[in-house]
Amino acid sequence: MDYNFSEIETRWQKYWQENKTYHVNIDKSKPKFYVLDMFPYPSGAGLHVGHPLGYIASDIYSRFKTLTGFNVLHPMGYDAFGLPAEQYAIQTGQHPAITTENNIKRYREQLDKIGFSYDWSREFRTSNPDYYKWTQWAIIQMFNHWFNNKNQKAEPIEALISEFEKNGNKNIDAAGNQEEIFTAEQWKGMTEKEQQTILLNYRLAYRANTTVNWCPELGTVLANDEVKDGVSVRGGYTVIQKNMLQWLLRITAYAERLLNGLDTLNWTDSLKEMQRNWIGKSEGAKVFFDVKDSDIKLEVFTTRPDTIYGATFMVLAPESELVTELTTKEQKEKIQEYIEISAKRTERERISEVKNVTGCFTGSYAINPFTNQEIPVWIADYVLAGYGTGVIMAVPAHDSRDYAFAKHFILPIVEVVSGGDILKESYDAKSGKLVNSELINGLDVVDAQKKILEIINQRNLGESKINYRLRDAIFSRQRYWGEPFPFYYKDDIPYALNINELPLALPEIDIYKPTEDGDPPLGRAENWVSSEGYPFELSTMPGFAGSSAYNLRYMDPKNNEALVSKEANEYWQDVDLYVGGTEHAVGHLIYSRFWNKFLFDLGYIVKDEPFKKLINQGMIQGRSNFVYRIKNTNKFVSLALKEKYEVTDIHVDVNIVHNDILDIEAFKKWNPDYKNAEFELEDGKYKCGYAVEKMSKSMYNVVNPDSIIEQYGADTLRLYEMFLGPIEQAKPWDTNGIEGVHKFLRKFWKLYHNNENNIEISDDKASDEELKVLHKTIKKVQEDIERFSFNTSISAFMICVNELNGLKCDKREILEPLTILLSPFAPHIAEEIWMLMGHNQTVTKQTFPKLNEKYLKEDSILYPVSFNGKKRFEIKISAEASNQEIEKLVLENENSAKWLEGKSPKKIIIVPKRMVNVVV
RNA sequence: GCCCGGAUGGCGGAAUUGGUAGACGCGCUGGUCUCAAAAACCAGUUCCUUCGGGAGUGCCGGUUCGAUCCCGGCUCCGGGUACCA
């Protein structure tokens with residue numbers, strides 16, 4: 001073999017490791033550049049070809065940045081806590097730590113074979129106490145801080161307490177759920193428990209009641225994807241929505257800063273838009289509605305106070321606390337029934353099933369403060385307790401959901417904004433003139449909103465208010481395999497551990513299930529109490545806990561005194577390039593922004609936005625292959641012949657199919673059932689069908705990078721993954737086509753070698769033509785790397801090698817820069833050739849070739865000539881020609897006469913150096 | 001349902017700012033070399049065609065001298081939807 005990739009790759013991977021080629025340290029003589037991949041959850045299935053897609057892209061970029069003079073931080077680690085390992089533990093009794101460790105080993109072996117430039121000395125995993133100590137530390141900090149709305153910043157809870165002692169809470173404007181005002185005297189007169197209860201309303205980590213998916217039969221809380229169609233995926237038991245006291249993070253305090261920060265980020269507009277929508281800022285009003293024959297006031301939030309004259313009924317969320325009080329004797333049974341039904345529906349079902357209108361009348365009436373009419377109060381599960389106030393004023397004429405509800409239950413619909421046809425559908429648009437609205441008739445929507453808000457304020461009916469869709473993050477999970485909370489309970493009030501007591505290590509338990517009383521698994525731990533004997537929290541933290549500040553830890557991963565030292569943080573600052581999947585668009589990327597902003601407020605870090613630039617790699621889908629078995633036989637027919645028979649489609653392992661042709665011998669060995677199978681072929685081959693599906697074991701379409709590397713080498717895998725298409729686009733994995741990039745690498749190798757496979761380089765001066773090929777490639781490759789268009793840079797390399805081959809180029813002046821140019825993409829072959837060319841220093845630390853535009857100059861341009869926008873012929877014109885000259889040459893050209901058909905051109909459009917269009 | 005993407009030859013894709021649609025690669029067809037095969041190399045390859053040309057970037061319509069690109073209306077597919085990671 002000419003190009004012995006396996007020998008080359010093993011040698012250089014060993015060299016890089018032994019020489020610590022990719023270790024980085026703070027080096028103030030160079031500018032820093034931080035490239036981060038979203039670290040993987042090490043699943044039992046191992047790494048498949050989808051994982052490395054983003055890693056290869058970021059690796060190319062890191063290597064490119066190193067070659068252009070940056071000190072590049074490029075680390076990797078593992079997001080090691082999670083549900084799958086725990087589920088496996090429940091089934092097998094195997095400790096999640098052991099399965100996780102095994103999975104990580106496998107991941108590491110697979111990653112190492114791809115030749116990444118990670119600084120592995122910085123590796124950590126979130127499940128290691130040395131790391132989660134800092135996750136616990138951060139939570140204690142959140143517990144010990146509150147958010148001051150006045151300066152939009154987190155501040156110590158001690159300062160708040162001393163303010164309470166001086167002036168009570170009347171001067172405090174805090175994010176939180178404390179509404180009652182108290183004086184300093186009242187505060188001082190409170191018991192410890194009363195004070196602590198109030199403080200929880202301010203703390204950034206606090207406890208509150210939230211609904212969870214509770215499965216009584218399994219005695220546990222279930223994740224959303226463990227629930228399908230109202231029953232548990234495991235076992236198919238009924239799941240209900242149940243209230244439970246949970247830890248939350250007051251992320252809503254940061255809503256405004258999370259929103260404004262987006263403007264400073266170099267992320268795609270679509271991703272920022274998703275975050276904006278997730279935060280969901282809406283300006284409107286809160287308005288109180290009296291209830292007839294009752295002291296209850298219903299507080300609603302509305303973005304359309306201008307439509308208040310059209311509010312013909314009220315709707316409460318079924319779980320609202322006011323429901324019991326508002327329900328009349330006559331309606332009690334029906335309401336009870338409705339609440340039970342809606343408790344079985346998940347939130348998602350409630351929002352998405354718009355066609356299925358349900359609800360129930362409470363029997364009570366509210367008073368519309370503007371029309372003074374009695375309007376019925378209903379409950380319906382399209383209103384969510386967690387959004388706004390959990391109560392809405394329904395304006396059926398101008399809200400489509402209210403409209404459907406009113407039509408279904410035959411409630412009055414009153415038009416208050418003209419412009420639509422409310423007999424047919426609701427008119428939701430925010431334009432038109434107000435009608436049927438005494439005080440604001442004739443105004444347009446914007447003015448009407450202003451005016452009505454003034455009146456609402458004057459009459460003390462409410463006030464203008466900004467509402468966010470963003471909710472506080474529920475931060476506890478009734479699970480084992482996560483970070484323990486550093487909190488203990490005294491008289492049911494949570495207290496934080498001292499920092500010097502961290503980490504609070506996850507205790508051992510015998511079975512990974514909830515206890516018989518329905519407590520989380522940690523309820524099984526022995527002596528799960530503080531040093532003073534107070535019980536610890538039994539929940540653990542969720543998946544996003546460990547990934548919210550890991551970007552900081554890589555800067556200083558071994559530090560036992562701090563999450564990150566000041567020195568390291570000041571040097572590395574923030575992530576310059578973050579690469580990961582779009583599935584994290586609103587989860588992880590919001591939480592980590594919040595977390596970093598919080599640490600910034602406390603002065604621990606210098607940047608309040610963690611990720612400057614973000615690239616989302618698209619998902620790699622599987623490409624499944626099928627064979628067709630004639631029913632009730634063991635005979636398989638090729639694709640084109642399957643219509644002749646009644647056949648069953650059977651998934652076949654894609655690893656024994658090449659270009660859709662089945663390897664029959666391998667197929668017989670693959671499954672003993674097919675050992676004696678018969679085949680009906682077309683053209684002597686068995687052709688398989690295919691489909692693009694999710695990459696999964698059950699569809700036999702999982703392709704591991706290892707098998708590709710064994711067959712073609714890591715450099716081929718790297719190039720091929722990049723060659724598949726734009727990094728951001730989802731695409732199916734199809735090994736067909738890998739030959740192309742492999743062939744390219746062999747041609748590249750041959751360019752430097754003679755027929756005896758010995759390196760042969762000439763020191764002669766390169767020709768202009770050769771230099772042009774080189775510099776054209778430098779230009780294209782550099783531009784493409786900078787805009788993350790790796791697929792097109794690879795085709796540029798292919799064109800370059802083909803052209804140099806055509807020129808029989810063997811000049812050092814060309815081939816040395818070309819080696820450096822290719823090294824970010826295919827580092828192993830580049831190192832090997834660099835060494836063979838007589839260097840004893842690694843190619844990874846060289847300087848990226850510099851473009852010289854002078855070699856690219858063109859004397860003449862081949863202009864396409866169009867008539868009425870349709871290209872008819874091409875004409876070669878000097879690059880210096882003026883527009884008049886071009887026009888003249890085009891019209892004089894023999895081909896033009898035919899298209900002019902004797903007419904004179906109406907207009908001639910000339911785009912210099914690009915094209916000519918003649919309008920006839 | 002709602003939010004965000006995507007759709008271009010037989011296949012993956014290219015066209016960077018509204019300016020030659022199909023670069024590059026796979027596959028396929030034909031050829032050279034060979035006893036033969038593999039490899040390598042060369043040529044062709046969007047579709048239709050009366051060989052003049054015509055049509056063509058998911059569908060329908062619009063703006064423009066000119067639209068894969070901009071605008072309006074759809075269809076289908078993917079991601080997210082707050083306890084998968």
Side-chain angles (χ1 to χ4, degrees), chain A residues 38 40-41 43 79 81-84 87 212-213 221-227 246 268-271 273-278 280 347-355 382 386 400-401 469-479 542-544 547 581-588 590-591 616 618-619 621 623 659-660 690 692 694 720 723-726 728-741 743-744 746-747 750 783-784 787 789 791-792 794-799 802 862-872 874 906-909 911 914-920:
Chain A
M38 287 184 188
Y41 173 78
S43 84
D79 189 13
F81 276 132
L83 222 43
Q87 196 47 44
V212 294
N213 301 313
V221 174
L222 295 176
N224 284 335
D225 47 316
E226 293 178 302
V227 184
Q246 301 260 41
T268 58
D269 288 337
S270 61
L271 196 87
E273 193 59 21
M274 273 193 257
Q275 292 222 337
R276 283 193 195 102
N277 292 335
W278 186 256
E347 190 179 293
R348 178 129 18 124
E349 286 167 346
R350 288 171 54 170
I351 313 167
S352 59
E353 288 172 16
V354 288
K355 282 170 195 147
Y382 77 95
S400 53
R401 287 159 309 173
R469 203 183 71 102
L470 184 71
R471 307 203 293 245
D472 282 342
I474 301 172
F475 200 63
S476 39
R477 300 290 182 264
Q478 288 61 49
R479 301 284 175 184
F544 65 84
S547 57
T582 170
E583 65 271 23
H584 299 286
V586 286
H588 160 63
I590 283 259
Y591 295 128
N616 285 127
M619 188 169 281
Q621 295 148 314
R623 187 182 186 279
N659 293 336
D660 292 336
Y690 74 90
V692 173
K694 193 172 150 175
Y720 188 56
F723 189 64
L724 271 179
E728 306 205 58
Q729 201 167 295
K731 52 207 156 253
W733 177 267
D734 182 353
T735 312
N736 296 351
I738 197 166
E739 299 281 352
V741 289
K743 211 190 280 179
F744 158 73
R746 288 217 304 267
K747 282 188 201 168
K750 276 195 181 156
E783 281 173 2
D784 284 352
R787 66 187 179 108
S789 176
N791 54 330
T792 50
I794 290 166
S795 62
F797 277 120
M798 288 172 168
I799 293 167
N802 286 344
L862 195 61
Y863 276 92
V865 179
S866 297
F867 286 78
N868 292 332
K870 197 108 195 127
K871 190 192 113 183
R872 295 305 178 185
E874 285 169 343
K906 217 189 262 174
K907 197 171 166 190
I908 298 179
I909 291 137
V911 183
R914 297 222 78 140
M915 51 73 68
V916 178
N917 187 23
V918 183
V919 186
V920 186

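In what follows, chains carry the letters A, B, and so on, assigned in the order in which the sequence lines appear, proteins first and then strands, with residues in each chain numbered from 1.
- Counting any heavy atom pair closer than 4.0 Å across all strands shown, A:Ile909 reaches a base atom.
- Heavy atoms of A:Asn917 sit under 4.0 angstrom from at least one base atom.
- Among the heavy atoms of the strands lying under 4.0 Å from A:Val212 is at least one base atom, whether or not backbone atoms are also near.
- The nearest heavy atom of RNA chain B to A:Asn277 and to A:Ser866 marks one nucleotide each, and the one closer to the 5' end goes with A:Asn277.
- The distance from the CG atom of A:Asp734 to the NZ atom of A:Lys731 is 13.0 Å, given to the nearest 0.5 Å.
- Pairing for B:C2 is with B:G80, a Watson-Crick or G-U wobble pair whose two hydrogen-bonding atom distances lie under 3.5 Å.
- Considering only side-chain N and O atoms, A:Arg746 lies nowhere under 4.0 angstrom from the phosphate OP1 or OP2 of B:A39.
- For A:Gln478 against B:C83, a side-chain N or O and a base N or O form a donor-acceptor pair under 3.5 Å.
- Of the side-chain N and O atoms in A:Arg477, one or more sit less than 4.0 angstrom from OP1 or OP2 of B:C83.
- Nucleic acid contact class of A:His588 (heavy atoms, under 4.0 Å, all strands): none.
- Side-chain proximity of A:Arg787 to the nucleotides B:G19, B:U16, B:A23 is greatest for B:U16.
- Spacing between atom CG of A:Asn791 and atom P of B:G22 amounts to 18 Å, rounded to whole angstrom units.
- The side chain of A:Asn224 lies closest to B:A82, out of B:G79, B:A82, B:G12.
- Base-pair partner of B:U75: B:A7 (Watson-Crick or G-U wobble, both distances under 3.5 Å).
- The residue A:Met915 sits close to a base: some heavy atom pair falls under 4.0 Å.
- Within 4.0 Å of A:Pro726, counting heavy atoms only, lie sugar-phosphate atoms of the nucleic acid but no base atom.
- Using a 90° window around 0 for the glycosidic torsion, B:G52 falls inside it and is classed as syn.
- Base pairing of B:U64: no nucleotide in any strand meets the Watson-Crick or G-U wobble criterion (both distances under 3.5 Å).
- Residue A:Glu728 contributes atom CD, which lies 20 Å from atom P of B:G78 at whole-angstrom precision.
- The partner of B:U34, taking Watson-Crick or G-U wobble pairs whose two distances both stay under 3.5 Å, does not exist in any strand shown.
- Between B:G19 and B:C4, the distance separating the two P atoms is 27 Å to the nearest Å.
- Rounded to the nearest Å, the gap between the C1' atom of B:A67 and that of B:A15 is 13 Å.
- With both ends at atom P, the span from B:U63 to B:A82 equals 44 Å, rounded to whole Å.
- Comparing A:Ser795 and A:Asn736 along RNA chain B, the residue whose closest nucleotide (by nearest heavy atom) sits nearer the 5' end is A:Ser795.
- Comparing atom distances between the A:Arg872 side chain and each of B:G54, B:G25, B:A85 picks out B:G54 as nearest.
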After noting the C-alpha distance and the side-chain angles of A:Trp733 and A:Leu724, does the key distance pass the side-chain contact (heavy atoms from CB on, under 4.5 Å) rule?
CA-CA 8 Å; A:Trp733 177 267; A:Leu724 271 179; 3.6 Å; yes

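- A salt bridge links A:Glu273 to A:Arg276: one of the charged nitrogens lies within less than 4.0 Å of a carboxylate oxygen.
- As judged by a 4.0 angstrom heavy-atom cut-off over every strand, A:Arg469 is placed among the base-contacting residues.
- Across all strands shown, A:Asn616 has no heavy atoms under 4.0 Å from either base or sugar-phosphate atoms.
- Across all strands shown, A:Val221 has heavy atoms under 4.0 Å from base atoms, whether or not it also approaches the sugar-phosphate.
- Environment of CZ in A:Arg872: crowded, with over 12 heavy atoms of neighbouring residues, nucleotides or ligands closer than 6.0 Å.
- Summarising the geometry, the separation between CH2 on A:Trp278 and C1' on B:C4 is reported as 13 Å, rounded to the nearest angstrom.
- For the OP1/OP2 pair of B:G1 and a distance below 4.0 Å, the side-chain nitrogens and oxygens of A:Arg401 include no atom meeting the criterion.
- Taking atom OH of residue A:Tyr863 and atom P of nucleotide B:U20, one finds them 13 Å apart after rounding to whole Å.
- Across all strands shown, A:Glu349 has no heavy atoms under 4.0 Å from either base or sugar-phosphate atoms.
- Taking the O4'-C1'-N9-C4 or O4'-C1'-N1-C2 dihedral as appropriate, B:G9 has a value within 90° of 0 and is therefore syn.
- Classification of the A:Phe797-A:Phe744 ring pair by plane angle, with boundaries at 30° and 60°, yields tilted.
- Within the 4.0 angstrom heavy-atom criterion, base atoms lie near A:Lys871.
- Here A:Ser789 contributes atom OG and A:Ile794 contributes atom CD1; the two are 9.5 Å apart, rounded to the nearest 0.5 Å.
- If you check every strand for non-hydrogen atoms under 4.0 Å, A:Lys743 touches sugar and phosphate atoms only.
- For the pair A:Arg348 CZ and B:C2 C1', the computed distance is 11 Å after rounding to whole Å.
- Among all heavy-atom pairs drawn from A:Tyr41 and A:Asp79, the shortest one is CD1-O, 3.1 Å.
- Counting non-hydrogen atoms under 4.0 angstrom, A:Leu470 reaches a base of the nucleic acid.
- Rounded to whole Å, atom P of B:G5 lies 9 Å from atom CG of A:Asp269.
- The environment of CZ in A:Arg623 is crowded: more than 12 heavy-atom neighbours from other residues, nucleotides or ligands sit within 6.0 Å.
- Within 4.0 Å (heavy atoms only), A:Glu739 reaches no atom of the nucleic acid at all.
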